[in-house]
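Here is the structure we will look at.
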Amino acid sequence: MDTDRLLTNVSDFFFEYDTPRMVTIRNKRIGLIFRLIQLGVLAYIIGWVFIYEKGYQSTDSTISSVSVKVKGIGFTNLSHVGPRILDAVDYSFPSQGSDSFVIMTNYIVTPRQSMTYCTQLQSSEQCESDSDCMAGQFSRYGQGIMSGKCQNNSEGSKTCEIFGWCPVEDDSVISNPPLLMAAENFTIFIKNAITFTAFGVSRRNIVESVTKATLKNCTYHKVHDPLCPVFRLGYIVEELQENFSVLAYKGGMIGILIDWNCDLDWSEKHCKPTYSFHQLYGGMGKDQVSAGFNFRYAKYYKENNVEMRDLYKVYGIRFDIMVHGKAGKFNIIPTMTTIGSGIGVFGVATLVCDLVLLHALPKRNYYKQKKFKNVEGEASASKSTEIKE
Amino acid sequence: MDTDRLLTNVSDFFFEYDTPRMVTIRNKRIGLIFRLIQLGVLAYIIGWVFIYEKGYQSTDSTISSVSVKVKGIGFTNLSHVGPRILDAVDYSFPSQGSDSFVIMTNYIVTPRQSMTYCTQLQSSEQCESDSDCMAGQFSRYGQGIMSGKCQNNSEGSKTCEIFGWCPVEDDSVISNPPLLMAAENFTIFIKNAITFTAFGVSRRNIVESVTKATLKNCTYHKVHDPLCPVFRLGYIVEELQENFSVLAYKGGMIGILIDWNCDLDWSEKHCKPTYSFHQLYGGMGKDQVSAGFNFRYAKYYKENNVEMRDLYKVYGIRFDIMVHGKAGKFNIIPTMTTIGSGIGVFGVATLVCDLVLLHALPKRNYYKQKKFKNVEGEASASKSTEIKE
Amino acid sequence: MDTDRLLTNVSDFFFEYDTPRMVTIRNKRIGLIFRLIQLGVLAYIIGWVFIYEKGYQSTDSTISSVSVKVKGIGFTNLSHVGPRILDAVDYSFPSQGSDSFVIMTNYIVTPRQSMTYCTQLQSSEQCESDSDCMAGQFSRYGQGIMSGKCQNNSEGSKTCEIFGWCPVEDDSVISNPPLLMAAENFTIFIKNAITFTAFGVSRRNIVESVTKATLKNCTYHKVHDPLCPVFRLGYIVEELQENFSVLAYKGGMIGILIDWNCDLDWSEKHCKPTYSFHQLYGGMGKDQVSAGFNFRYAKYYKENNVEMRDLYKVYGIRFDIMVHGKAGKFNIIPTMTTIGSGIGVFGVATLVCDLVLLHALPKRNYYKQKKFKNVEGEASASKSTEIKE
């Protein structure tokens, strides 16, 4: 008996198919609404999800590496230094050509500093007498430790004497025009290699169309030469609608974004980068708080066994090279998932049309009768006569 | 005939609407369960997916740039060097103020090294006689190439003589308390600019409420001044529940996370960063393998045409500034997608209630009869009398 | 009356349950197809979405910090310099041990450059007479500003004289074999700390099984020691199937990827990193445009108050250490979302089987009759006799 029942159940499970019973309503208005909504959902699924968003692909992001070479010569002729050439080794920091670097456009040099006593600038700690200066104290803007004496300085005012790197730096006057206006013609050669690890595809920004010959002479142009990886600084600053001498005066920060968006269902050769420039900081026109970019560094040396340094306050353009990469390739799983979700969205058509059918149309009560079959709960399980059609 | 049939089919397709036939069961238990599940799903969709996860928005990530300025003065007075001031140029590496930098808190200096022969430390290659030292060999912990001789060193033991930068560094004794405890009062001024490229929105961490005046004097505090971008080292270390002198002794690594989470449906002015600190490495208390942070660098110079260097083993706090950014803005497509997926989830209510109805309730056989209409497959296509209601 | 109607509606709303009426068709073919598709969808949901893709977990990405220590000694014996040792301070750039650094393998040194007049190399601006050289002009490949004179140079050709750092660099001949072949035995010790901020979990790549003792002697091996964070350069280059002397000759770029993929439903101790190596640029074999890696830096000094520099063109291997991190942990919301979406996908089974039932099976017209109940729209709302079963 039990085996029989089990067999019957298994047989029913595998050989029966339950399909929802449907009521076909012949009504022009509702029919059209239904088909229009279905068409809209289909257009959304095929047009947006499949074609635009590429829902049939699995995606991968990249690991990326950037290396930079700066080229160009600058020339300065300061009174106390004489004529000087500045090449990439002199004006770019750091030397290794990483993805974040500075090209100096202006600077203030305080040469031959040594560890001794001297007065400060007028703008620092002014004083009236020795009691105003606390010996052994630092100050937030001081450049050393106070000796306790109040002295006359070269500008005619009295300031607290300090022990530190002397003479102190005077950064109140910055050279205008900037000392390295020649930077406008410097070039940045960017080498970028990316790998889409999940797909095992590697690409370089020196694409097939860029040969050794073209590389020697080309310069990036948004329209005429969008794949040349050699960028002229003046062109970048123009593209940002900035004035180069304004940016070079107190420095600034510029981002170069290399965007890779590759469809690996096509040949790898179509996987090419696009470059865009973003101004991150700088430019006087915007009147920002703390605009510009600068940093200080020193060249240390010994003279008669005394440690000395030349202090440089460098104003320049800080470049940050950022790489975004995204690749897609056909994969059966996301395709099935997208189709499955799409089928779910089709339910909207039925939902909307049922609402219209049962609550808006003139014959809604009639349709309600046709759609719903009432079944009593507790009381009338055996009274078949009460079953309404 | 064919055109007629085609017209009929087209007419049927566009002017007919198929709606599922429903059985209305009047049963208090199942009715309540059904409405409760529907309410739960609705609450989940509206509360979680729409309001909390903002499912009606499309999102974007940022490109970001960070620049750092360190301020503060330190003072040391070593016997063989004399009193010295150390300013930001002296104790921060690298000079350019990038998003990863070191502030020196302790150091060992081995001055006046030159390329010659000398003995090693007791802790390195000890030997008994010349035959223990292989001429021309390097060793993993040696500081040069062995000359082949076994010599007495200054500590009284015999070690293999080497050719290299001499005298060798002795890093067995590190200054305690750390030489630059003043670093506790140093300040880090962080400038961060982000751009949400898809939305074309740019923000700086020097938000509208931070003016030039406030910037001169403010210091970051989690509660009292959460938007001031000037951070005091001692405060950061406190927040990490670490002891500054312990961290300064052998160095450590700290991460500063700048988190931007912006809802661009509101004014841009509400898009502000939050700062948090994370200890990545360091602190003696945790007794980790390879705790602390240090690196070596050298200042090179020539004396009587002989190349010499001062070797520094620098212990310090390495800061890594990391930026996370996410923005959302209303977009019709994700809204529709979320609504569509939500409709799909409503099917759970019917699924659960059908299970209860057909397998758990007392009258389940009766309901089964009412819900399912049996249709025979092969045998009884024409026998209408066998059709059960 | 109205209150009664309201009560009836509320009562109907809460105590009635609408379930779709189903037609049970007994047909072996369609029954089997239906169950097979349902089984397929179930296998996809449980096997792929739940188990493989871990759809029941919420995920988090990491913030990460990397610090590097290079160890090893190199030895060179150039005629004009004499025997020299190079340790990590001499051959690695920058000193701070950040996640992007260069290990020098070959170099060209142009010592004792000073700011004066000199001729250029044969490969630069050649000329016939003074009129070919424009005084005051820079050139893209020149190394200074032209003086206007055309001079004989040491190679016997005539080039435009320049004012700049003289003597100019001659980088036409690079040492082969590379000067620092010993770099093959150098080791890189990588310290990586990550934090999954959302889960508050921190991990270091020096995992529990790596003690102070093992750290002193171990070297990374893909199979024998996959958790030792000390990497020998020669091993990395072997893994990339490159020849070390070829890579060291003109330099190259290598990426080390540290991948963290952690299931935090298990103990944290199972959260371990995997290392992989990727060649980003370099190797002569591939005959790429602009292969290799090099940069220039200088050591500045003063002699008799004249500023001088030793210029180094450094060829080396640039390492970029990249960290990917992903963690998942059980969370009720993604679990419910996944289940809900899964239910939606089940609709595919009914969709496909309906298509087969109504358009492919022999008895399709019969089934169409059984499935669909026709209801007339405008004309026959009151004519019950026309209602077909």
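Each chain gets a letter, A, B and so on, in the order its sequence line appears, and its residues count up from 1.
- Using cut-offs of 30° and 60° on the angle between ring planes, the pair C:Phe186 and C:Tyr91 is parallel.
- Interface check for chain B: of the options C:Val23, C:Val89, C:Thr19, the most heavy-atom pairs under 4.5 Å are formed by C:Thr19.
- A salt bridge does not link C:Lys373 to B:Asp18: none of the charged side-chain nitrogens sits closer than 4.0 Å to a carboxylate oxygen.
- Between C:Glu303 and B:Lys302 there is no salt bridge, since none of the side-chain N atoms of the basic residue sits less than 4.0 Å from a carboxylate O of the acidic one.
- Heavy-atom distances place the side chain of C:Arg112, and not its backbone, under 4.5 Å from chain B.
- By number of non-hydrogen pairs under 4.5 angstrom with chain B, the leading residue of C:Gly97, C:Ser98, C:Ser92, C:Pro83 is C:Pro83.
- For the residue pair B:Lys299 / B:Tyr301, no side-chain donor-acceptor distance below 3.5 Å is found, with atom types taken as modelled.
- Neither the backbone nor the side chain of C:Asn185 comes within contact range of chain B; no heavy atoms are under 4.5 Å apart.
- When B:Leu36, B:Val102, B:Asn294, B:Ile33 are compared by the number of non-hydrogen pairs under 4.5 Å with chain C, B:Asn294 comes out ahead.
- Looking at C:Ser202, there are no atoms closer than 4.5 Å to chain B (heavy atoms on both sides), in backbone or side chain.
- C:Phe189 touches chain B through its side chain: at least one heavy atom from C-beta onward sits under 4.5 Å away, while N, CA, C and O do not.
- Considering every non-hydrogen atom in both B:Leu358 and B:Tyr367, the closest pair reads CD2-C, 4.5 Å.
- Salt bridge status for C:Asp90 with C:Arg84: absent, with no side-chain N to carboxylate O gap under 4.0 Å.
- At a 4.5 Å heavy-atom cutoff, the contact between B:Arg296 and chain C is made by backbone and side-chain atoms alike.
- For the pair B:Leu257/C:Thr197, a side-chain contact is recorded, criterion being any heavy-atom separation below 4.5 Å from C-beta on.
- Ranked by heavy-atom pairs under 4.5 Å with chain B, the first of C:Gly82, C:Ser11, C:Ser67 is C:Ser67.
- The existence of a salt bridge linking C:Glu208 and C:Arg203 is confirmed by a sub-4.0 Å separation between a basic side-chain nitrogen and an acidic carboxylate oxygen.
- For a residue to count as touching a neighbouring chain, one of its non-hydrogen atoms must lie under 4.5 Å from one of that chain's; by this rule C:Asp99 does not touch chain B.
- With a 4.5 angstrom heavy-atom cutoff, B:Asn305 touches chain C only via side-chain atoms.
- With salt bridges taken as basic N to acidic carboxylate O contacts below 4.0 Å, none links B:Asp259 and B:Lys326.
- The residue among B:Met322, B:Glu53, B:Arg318, B:Glu307 with the most heavy atom pairs within less than 4.5 Å of chain C is B:Arg318.
- Interface summary for chain C: among B:Pro94, B:Ala298, B:Gly255, the most heavy-atom pairs under 4.5 angstrom belong to B:Pro94.
- Between B:Tyr297 and B:Phe93, the ring centre distance stays below 6.0 Å.
- For C:Lys368, the NZ atom counts as densely surrounded, since its 6.0 Å shell holds more than 12 non-hydrogen atoms of other residues, nucleotides or ligands.
- For B:Asp354, the parts lying near chain C are the backbone and the side chain together; criterion is any non-hydrogen pair under 4.5 Å.
- With a 4.5 angstrom heavy-atom cutoff, B:Phe163 touches chain C via backbone and side-chain atoms both.
- The greatest number of non-hydrogen atom pairs below 4.5 Å with chain B, out of C:Phe13, C:Phe14, C:Phe75, is found for C:Phe13.
- Using modelled atom types, one finds no donor on one side chain facing an acceptor on the other under 3.5 Å when comparing C:Tyr300 with C:Asp310.
- Residue contact with chain B, scored on non-hydrogen atoms closer than 4.5 Å, is absent for C:Val207.
- For C:Pro362, no part sits under 4.5 Å from any heavy atom of chain B, backbone or side chain.
- For chain C, the nearby part of B:Leu351 is the side chain; its heavy atoms alone come within less than 4.5 Å.
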